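These numbers come from a predicted model, not from an experiment.
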Amino acid sequence: MKSALLEDKTAVVVGVGPGLGREVSAALLDAGARVVIADHSAGRLAASAQALDATGTRVLAMPADIADDESCQALVGAALDHFGSIDAVVIVGAYQEAFGGLFDSELSMWHKSFDTNVVGALRLLRAAVPAMKTAGGGSVVLIGAQAASKPSLPQAGYAASKGALLTTMYYLADELGPDNIRVNAVVPSWMWGPNVQMFVDYRAKSEGKTRQDIVDEITATFALRRMAEDGEVADAIAFFCSEMSRAITGQHLMVNCGEMSR
């Protein structure tokens with residue numbers, strides 16, 4: 001549904017692949033925003049830009065790597081040159097490949113998770129926050145993971161980094177609040193989109209079951225008996241980007257169809 005919640009606002013979305021990042025960008029566009037989309041993969045980025053706005057009128061695609069200071073600065077510079085301001089930053093991109101536990105994981109993967117998911121967010125915000133201050137404030141939305149507080153898949157390193165990101169959010173909200181910059185987090189769990197669909201289809205094939213069998217097993221204890229879709233998580237993110245949440249900062253919102261309430 002199109003609205004004017006973000007009319008005349010510019011949002012930067014990092015990590016715009018075929019899943020949540022693209023859905024977030026679409027939700028912000030539907031709310032009236034101009035959107036700068038970024039990803040480390042130029043191919044994925046071009047596909048997303050074409051799908052979101054083939055005219056290029058309200059979408060600027062910019063390859064970027066939040067693990068690199070110069071890349072973050074270049075992204076912010078391009079956003080300002082093209083659209084004139086930055087009013088919201090959404091950091092979807094994350095490194096998720098830190099599989100395993102204490103003895104069966106590579107500690108280098110833990111390092112990469114923290115450097116990308118936590119320090120990478122700080123790199124980008126160091127570049128973007130001065131522009132947001134100039135604009136009179138704005139909104140930062142970080143993406144957490146329910147895995148940080150409820151173990152599910154064996155991704156301890158990834159989950160730990162998302163827990164650290166949530167703690168970082170509390171401190172950023174306190175630090176940036178006097179400049180009218182709100183910092184919140186949306187915390188999804190199982191989320192129906194390309195990645196989960198591939199996982200479910202793999203399990204269904206290997207276990208001789210249907211896709212629906214696997215989905216029903218996963219969601220059997222969820223209050224709504226289904227998993228949230230990428231687009232539904234994106235709607236929550238768009239809310240935090242908008243003035244509808246102007247009195248909300250330092251909060252996290254779980255979008256999980258009632259799988260876990262706290």
Side-chain angles (χ1 to χ4, degrees), residues 6 9-17 20-21 24-25 28 33-42 45 60-96 110-145 148 157-158 160-187 237 240-241 245-246 248-252:
L6 291 166
K9 302 293 186 182
T10 299
V12 175
V13 184
V14 177
V16 181
L20 180 60
V24 169
S25 302
L28 297 178
R34 303 174 294 259
V35 184
V36 181
I37 62 173
D39 193 80
H40 67 274
S41 169
L45 194 61
L60 171 66
M62 178 74 178
D65 182 0
I66 59 175
D68 182 81
D69 290 326
E70 291 185 2
S71 183
C72 291
Q73 292 289 346
L75 172 61
V76 169
L80 294 175
D81 289 344
H82 199 77
F83 290 128
S85 66
I86 296 176
D87 304 287
V89 175
V90 183
I91 305 175
V92 178
Y95 180 74
Q96 304 182 41
W110 284 63
H111 283 290
K112 188 168 183 179
S113 284
F114 275 81
D115 188 55
T116 303
N117 303 345
V118 183
V119 182
L122 297 178
R123 288 190 188 96
L124 179 60
L125 293 179
R126 280 187 170 185
V129 162
M132 298 177 76
K133 289 181 179 180
T134 299
S139 175
V140 174
V141 185
L142 306 175
I143 311 303
Y158 166 73
S161 73
K162 288 296 189 174
L165 183 64
L166 192 62
T167 299
T168 301
M169 180 269 291
Y170 298 129
Y171 281 84
L172 289 172
D174 187 61
E175 179 180 353
L176 301 180
D179 293 302
N180 194 36
I181 298 173
R182 296 171 284 113
V183 187
N184 295 289
V186 170
V187 182
I237 293 167
F240 275 130
C241 287
S245 66
R246 60 190 176 275
I248 303 173
T249 193
Q251 305 298 316
H252 72 274

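Of all heavy-atom pairs spanning Ile66 and Thr116, the tightest one is CD1-O, 3.5 Å. Shown here for Val16 and Ser25, the closest heavy-atom pair between the two residues is CG2-OG, 3.7 Å. Taking every heavy atom of both residues into account, Thr249 and Val183 meet most closely at OG1-N, 2.9 Å. What you find for Gly21 and Val92 is that their closest heavy atoms are N-CG1, 3.9 Å. In terms of heavy-atom proximity, Ala79 sits nearest to Val36 at CB-CG2, 3.7 Å.
Looking at Asp68, its side chain does come within 3.5 Å of a backbone N or O of Glu70 through a donor-acceptor pair. Judged by distance alone, with hydrogens and angles left aside, the side-chain atoms of Lys162 form a donor-acceptor pair with the main-chain N or O of Ile143 at under 3.5 Å.
Annotation: side chain to side chain contact (heavy atoms under 4.5 Å, CB included) contacts of Ala78 (sequence neighbours excluded): Leu60, Met62. Remark: Ser71 engages no residue in a side chain to side chain donor-acceptor pair (under 3.5 Å) (not counting sequence neighbours). The side chain to side chain donor-acceptor pair (under 3.5 Å) test applied to Asp69 returns no partner, not counting sequence neighbours. Partners of Ser161 according to the side chain to side chain donor-acceptor pair (under 3.5 Å) rule, which considers only residues two or more places apart in sequence or in another chain, are Asn117.
Applying the side-chain hydrogen bond (donor to acceptor under 3.5 Å, both in side chains) rule to pairs touching residues 77-87 yields Ser85-Asp87, sequence neighbours excluded.
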Tabulate below the donor-acceptor pairs under 3.5 Å that side-chain atoms of residues 163-175 make, not counting sequence neighbours, or state none.
residue	atom	partner	partner atom	Å
Thr167	OG1	Gly163	O	3.4
Thr168	OG1	Ala164	O	2.9
Tyr170	OH	His252	ND1	3.3

Identify all side-chain donor-acceptor contacts of residues 124-139 below 3.5 Å with residues at least two apart in sequence or on another chain.
residue	atom	partner	partner atom	Å
Thr134	OG1	Pro130	O	3.1
Ser139	OG	Phe240	O	2.7

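The pair Asp115-Arg123 meets the salt-bridge criterion, with a side-chain N (NZ, NE, NH1 or NH2) lying under 4.0 Å from an Asp/Glu carboxylate O.
Taking CZ of Arg34 as the reference point, atom OG1 of Thr10 lies at 3.5 Å (rounded to 0.5 Å).
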